[in-house]
Enquirer: 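After the structure tokens below, expect a handful of questions from me.
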Amino acid sequence: MENSTPSFISPQISSEDLKLETPLKLGVLASGSGTNFEAIAKAIHQEKLNATIPLVIYNNPQAKVKEKAAAFKIESKLLNHRQFKRREDLDQAIVDLFKSYQVDWVIMAGWMRIVTPILLEAFPNHVINIHPSLLPSFKGIKAIEQALEAGVKITGCTVHLASLEVDSGPILLQAAVPILANDTLETLHARIQIQEHKIFPLAIALAAKLYP
Ligand code: GAR
């Protein structure tokens, strides 16, 4: 069922169109299960995305992304946001770590923290976010619940450059996902994630072309 549901990605580009001469150095930020991190790491492994991931930073001690990073032999570090007084202090610690690993792109792969100018100014136009809705609809938390409650018939996911306003900033790639009559939060989230995993690696390569 999942894969037979029609979906639509725009712009319609492929990894073949987006070959990068110089490998990108991606610093990944993740808060949860890390399936988007995994999709990016797989795209790198399959040579669909010319990049390396020197470091994954996660903020929840239980985040599954830790084990997923280990499976790819990628280093990960915990920066527990509860141990920082201000959002800016957490972002400064992130910037310091990523800079020490010579990261040039910051990838928010399910990063559930609000970013501050500290992070955005350290990596101008090089911070990328994914959100489970067709932005500018349903910003903020519980985007999938918001779409179900609104009764829309099509939702999806968006990869965009991060900006100070939450879930805003130039859109790179979107995928549309139909909402089916019997969808629950879980079934819809699962179908959105299938699309997220397709568009995230493509959007990173597209960003590198558009914002070198
Ligand atoms: C993804 O669905 C992503 O769109 C969402 O968190 C999930 C993380 O999944 N991000 C946001 O809601 C950000 N506002 P993952 O940990 O399996 O990659």
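Heavy-atom basis, side chains included; hydrogens, waters and symmetry copies ignored. Just so you know, these numbers come straight off a predicted model, no measurement behind them.
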Enquirer: Apply side-chain contact (heavy atoms from CB on, under 4.5 Å) to residues I40 and I204 and explain how you reach the verdict.
Expert: CA-CA 9 Å; I40 296 164; I204 291 168; 3.8 Å; yes

Enquirer: Could you tell me whether D183 and R191 make a salt bridge, using a distance below 4.0 angstrom between a side-chain N and a carboxylate O?
Expert: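 Looking at D183 and R191, the cut-off is met.
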
Enquirer: Compare all side-chain heavy atoms of F98 with those of L29 and state whether any distance is below 4.5 angstrom.
Expert: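 Heavy-atom side-chain distance check passes, below 4.5 Å.
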
Enquirer: So which atom in L20 and which in A205 form the shortest heavy-atom distance, rounded to 0.1 Å?
Expert: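 Shortest heavy-atom contact: CD2-O, 3.9 Å.
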
Enquirer: Determine, for Y101 and K77, whether the Lys NZ or Arg CZ falls below 6.0 Å from the six-membered ring centre while staying within 45 degrees of the axis.
Expert: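 Negative - K77 is either too far from the ring of Y101 or too far off its axis.
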
Enquirer: Classify the angle between the aromatic ring planes of F72 and F37 as parallel (below 30°), tilted (30 to 60°) or perpendicular (above 60°).
Expert: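 F72 vs F37 ring planes: perpendicular.
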
Enquirer: Looking at K209, I want to see if its NZ is surrounded by more than 12 non-hydrogen atoms of other residues, nucleotides or ligands under 6.0 Å.
Expert: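 More than 12 within 6.0 Å, yes.
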
Enquirer: Would N60 and S31 count as a side chain to side chain donor-acceptor pair (under 3.5 Å) if you check the C-alpha gap in whole Å, the side-chain angles of each, and the deciding distance to 0.1 Å?
Expert: CA-CA 6 Å; N60 287 318; S31 299; 4.8 Å; no

Enquirer: Got P61 and N80 here, is their nearest side-chain heavy-atom distance under 4.5 Å?
Expert: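 When only atoms from C-beta onward are counted, N80 and P61 do touch, with a gap below 4.5 Å.
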
Enquirer: Give the intermediate values and the outcome of salt bridge (Lys or Arg N to Asp or Glu O under 4.0 Å) for residues K139 and E165.
Expert: CA-CA 10 Å; K139 295 178 180 182; E165 200 189 319; 3.3 Å; yes

Enquirer: With rounding to the nearest 0.5 angstrom, report the NE2 to CG distance, H126 to L161.
Expert: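 Reported to 0.5 Å precision, the distance equals 8.5 Å.
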
Enquirer: Quick one: does V166's side chain get under 4.5 Å of I114's, heavy atoms only?
Expert: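 They are in side-chain contact.
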
Enquirer: Between G140 and D167, what is the shortest heavy-atom contact and its length?
Expert: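 Heavy atoms only, the tightest pair is N-OD2, 2.7 Å.
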
Enquirer: Rounded to the nearest 0.5 Å, what separation is found between the CZ atom of F138 and the CD atom of E149?
Expert: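 Taking CZ in F138 and CD in E149, the distance rounds to 9.5 Å.
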
Enquirer: Quick check: are there more than 12 heavy atoms from other residues, nucleotides or ligands sitting under 6.0 Å from CD of Q46?
Expert: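 Enclosed.
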
Enquirer: For the atom pair CD1 (I194) and CD1 (I199), what is the distance rounded to the nearest 0.5 Å?
Expert: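 Result: 13.0 Å between the selected atoms.
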
Enquirer: Calculate, to the nearest 0.5 Å, the distance between atoms CG and NZ belonging to L173 and K198 respectively.
Expert: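 L173 CG to K198 NZ: 12.0 Å, rounded to 0.5 Å.
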
Enquirer: Any side-chain heavy atom of L134 sitting closer than 4.5 Å to one from C157?
Expert: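 SC-SC contact between L134 and C157 ruled out.
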
Enquirer: Using 0.5 Å steps for rounding, measure from the CG atom of L49 to the CZ atom of F200.
Expert: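 Reported to 0.5 Å precision, the distance equals 11.0 Å.
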
Enquirer: Taking side-chain contact (heavy atoms from CB on, under 4.5 Å) as the criterion, tell me which of N36, T35, V159 meets it with E196.
Expert: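 It is N36, the one option of N36, T35, V159 that forms the side-chain contact (heavy atoms from CB on, under 4.5 Å) with E196.
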
Enquirer: For V103 versus P54, what's the shortest heavy-atom pair and its separation?
Expert: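 Closest heavy-atom pair between V103 and P54: CG2-CG, 4.2 Å.
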
Enquirer: If you compare all heavy atoms of M108 against all heavy atoms of A162, which two are closest, and at what distance to 0.1 Å?
Expert: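 So the two residues come closest at CE-CB, 3.7 Å.
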
Enquirer: How many angstroms lie between atom CG of L120 and atom CG of D91, to the nearest 0.5 angstrom?
Expert: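 L120 CG to D91 CG: 7.5 Å, rounded to 0.5 Å.
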
Enquirer: Mind running side-chain contact (heavy atoms from CB on, under 4.5 Å) on I44 and T52 for me, showing each step along the way?
Expert: CA-CA 7 Å; I44 294 171; T52 61; 5.8 Å; no

Enquirer: Evaluate the side-chain proximity of I13 to L18: yes if any heavy-atom separation is below 4.5 Å, no if none is.
Expert: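 They are in contact (side-chain heavy atoms under 4.5 Å apart), so the answer is yes.
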
Enquirer: Do NZ/NE/NH1/NH2 and the carboxylate oxygens of K48 and E16 come within less than 4.0 Å?
Expert: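 Here K48 does not pair with E16 in a salt bridge, since their nearest N and O are not under 4.0 Å apart.
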
Enquirer: Evaluate the criterion side chain to side chain donor-acceptor pair (under 3.5 Å) for residue pair T158 and Q174; output intermediate values, then yes/no.
Expert: CA-CA 4 Å; T158 303; Q174 291 184 305; 2.9 Å; yes

Enquirer: Nearest heavy-atom pair of I130 and A109: which atoms, and what distance?
Expert: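 Closest approach of I130 to A109: CG2-CA, 4.4 Å.
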
Enquirer: Please name the pair of heavy atoms, one in A147 and one in T155, separated by the smallest distance, quoted to 0.1 Å.
Expert: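 What the structure gives for the nearest pair is CB-OG1, 3.9 Å.
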
Enquirer: Are any side-chain N or O atoms of H189 and backbone N or O atoms of L185, one a donor and one an acceptor, separated by less than 3.5 Å?
Expert: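 It does not hold such a pair.
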
Enquirer: Looking at N59 and H81, would you say the former's side chain and the latter's main chain have a donor-acceptor pair under 3.5 Å?
Expert: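 Checking the backbone N and O of H81 against the side chain of N59, no donor-acceptor pair under 3.5 Å is found.
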
